[in-house]
Amino acid sequence: EIMKKLLSDGKSNAKTKKNNRPTKLLYMTPTKVEGKEMCPFATKGCRAACLYTAGMGIFKNVQESRYERTLRYVRNKKMFLEYLAKEINGSSKFHSSKGNEFAVRLNGTSDQPLVESLIRQEGIHKNTVFYDYTKNPKKAGERYLASGHRYVVTLSYSGENEKECVDALHRGANSAVVFSTKKDNALPDSWNGFQVVDGDERDDLMLDVSGVVLGLRAKGKAKKDTSGFVVQVN
């Protein structure tokens with residue numbers, strides 16, 4: 001069976017195309033598929049305002065291909081990871097030959113232990129660096145995997161996990177917070193005493209900063225959020 005491409009080029013995403021590194025992303029469905037919960041730590045607020053509906057995510061064909069990818073993952077994870085490893089290796093070798101670090105974000109619109117499963121596959125090139133957002137506090141922070149690959153994970157604020165986000169920041173991890181911005185689009189300078197940097201500047205920023213709040217502006221359905229997921233800026 002020929003498997004369609006799993007990864008999307010970062011250049012096709014408004015924010016990721018600003019990255020300092022060539023980047024590929026994996027987009028799947030963030031809900032339950034055939035009994036498998038793709039975002040186990042999701043809250044009602046973050047589900048309602050999910051970035052799944054932002055950008056290209058509004059299009060039916062895009063949602064269908066994400067669903068199809070998720071089905072493949074749920075039904076045959078082993079084969080899915082084999083294909084994923086091949087795809088990553090093709091790109092990482094190309095970028096390695098040009099002397100570039102290659103970034104991969106596997107949880108574009110999901111929250112699964114994909115990187116941890118993937119690096120058990122052989123031969124992921126050493127110039128590959130992984131990054132993700134998560135709602136799972138145990139995953140937040142920077143680590144080097146057994147394979148030697150660097151993996152940086154930012155903890156996303158949901159409106160219900162403030163303590164976990166502050167704890168993560170205290171230990172040097174980053175936290176992402178969505179703010180409602182006024183007409184000037186300015187983000188606050190700080191949140192809970194921690195510096196806010198412009199997380200919309202580029203998607204791979206978390207690979208170059210630590211212990212800061214990645215401030216994101218409310219987009220799509222999030223602009224109408226009243227659940228607490230979006231922090232209201234006075």
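Atom set for the values below is all heavy atoms of this structure, side chains included, hydrogens, waters and symmetry mates excluded.
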Spacing of [atom1] belonging to [X] relative to [atom2] belonging to [Y], to within rounding of 0.5 Å:
X	Y	atom1	atom2	result
E116	I119	CD	CD1	8.0 Å
D208	Y131	CG	OH	10.5 Å
K135	E164	NZ	CD	12.0 Å
K17	D9	NZ	CG	11.5 Å
N107	F130	CG	CZ	11.5 Å
L214	Q195	CG	CD	10.5 Å

If you define the side chain from C-beta out and look only at heavy atoms, does anything of [X] sit under 4.5 Å from [Y]?
X	Y	value
V177	V196	no
P137	F41	yes
T154	D132	no

Please confirm whether the backbone N or O of [Y] pairs with a side-chain atom of [X], one donor and one acceptor, at under 3.5 Å?
X	Y	result
S97	F94	yes
N89	A85	yes
N174	G211	yes
T29	T70	no
K18	D200	yes
K5	E87	no
S175	S156	no
N13	T16	yes

Set of residues satisfying ring pair (Phe, Tyr, Trp, His ring centres under 6.0 Å) with respect to H170, sequence neighbours excluded: F194

Do the rings of H95 and F102 sit parallel, tilted or perpendicular, given the 30° and 60° boundaries? parallel

Which atom names give the shortest non-hydrogen contact between [X] and [Y], and what distance separates them?
X	Y	result
D198	R217	OD1-NH1, 2.9 Å
A186	T181	O-CG2, 3.4 Å
V230	F179	CG1-C, 3.8 Å
M206	V152	O-CG1, 3.5 Å
L207	A103	CD1-CB, 4.3 Å
Q232	D225	NE2-O, 3.8 Å

State which residue, out of L118, V115, I124, fulfils the side chain to side chain contact (heavy atoms under 4.5 Å, CB included) condition with L145. V115

Listed by chain and number, what are the salt bridge (charged side-chain N to carboxylate O under 4.0 Å, His left out) partners of [X], not counting sequence neighbours?
X	result
D204	R21, R202
D203	K15, R105
R150	E142
K163	D167

Which residues share a side chain to side chain contact (heavy atoms under 4.5 Å, CB included) with K77, sequence neighbours left out: Y73, L81, S117

Among residues at least two apart in sequence or on other chains, which ones pass side chain to side chain contact (heavy atoms under 4.5 Å, CB included) with T134? D111, N136, K139, V153, L155

If the threshold is 4.0 Å, N to carboxylate O, is there a salt bridge linking E82 and K86? no

Does D189 have more than 12 heavy atoms from other residues, nucleotides or ligands lying within 6.0 Å of its CG? no

Counting only heavy atoms not in K126, do more than 12 sit closer than 6.0 Å to its NZ atom? yes

Do K24 and S91 pass the side-chain hydrogen bond (donor to acceptor under 3.5 Å, both in side chains) test, and can you show the C-alpha distance, the side-chain angles, and the key distance before you say yes or no? CA-CA 9 Å; K24 290 274 176 94; S91 293; 3.0 Å; yes

Between V233 and L187, does the side-chain contact (heavy atoms from CB on, under 4.5 Å) criterion hold? Intermediate values first, please. CA-CA 8 Å; V233 177; L187 293 161; over 6 Å; no

Residues that, via side-chain heavy atoms closer than 4.5 angstrom, fall in one hydrophobic cluster with L25: Y27

Taking side-chain hydrogen bond (donor to acceptor under 3.5 Å, both in side chains) as the definition, give me every residue that meets it alongside [X], ordered by chain and number, with sequence neighbours left out.
X	result
N192	E162
T23	N19
N127	H125
S65	none

When you look at C165 and W191, which way does the side-chain contact (heavy atoms from CB on, under 4.5 Å) test go after all the steps? CA-CA 11 Å; C165 287; W191 181 77; 4.0 Å; yes

For K60 and E64: C-alpha separation, side-chain torsions, deciding distance, then whether salt bridge (charged side-chain N to carboxylate O under 4.0 Å, His left out) applies. CA-CA 6 Å; K60 190 164 180 271; E64 282 170 357; 2.9 Å; yes

Apply side-chain contact (heavy atoms from CB on, under 4.5 Å) to L106 and Q112, showing your working. CA-CA 9 Å; L106 293 181; Q112 293 291 301; over 6 Å; no

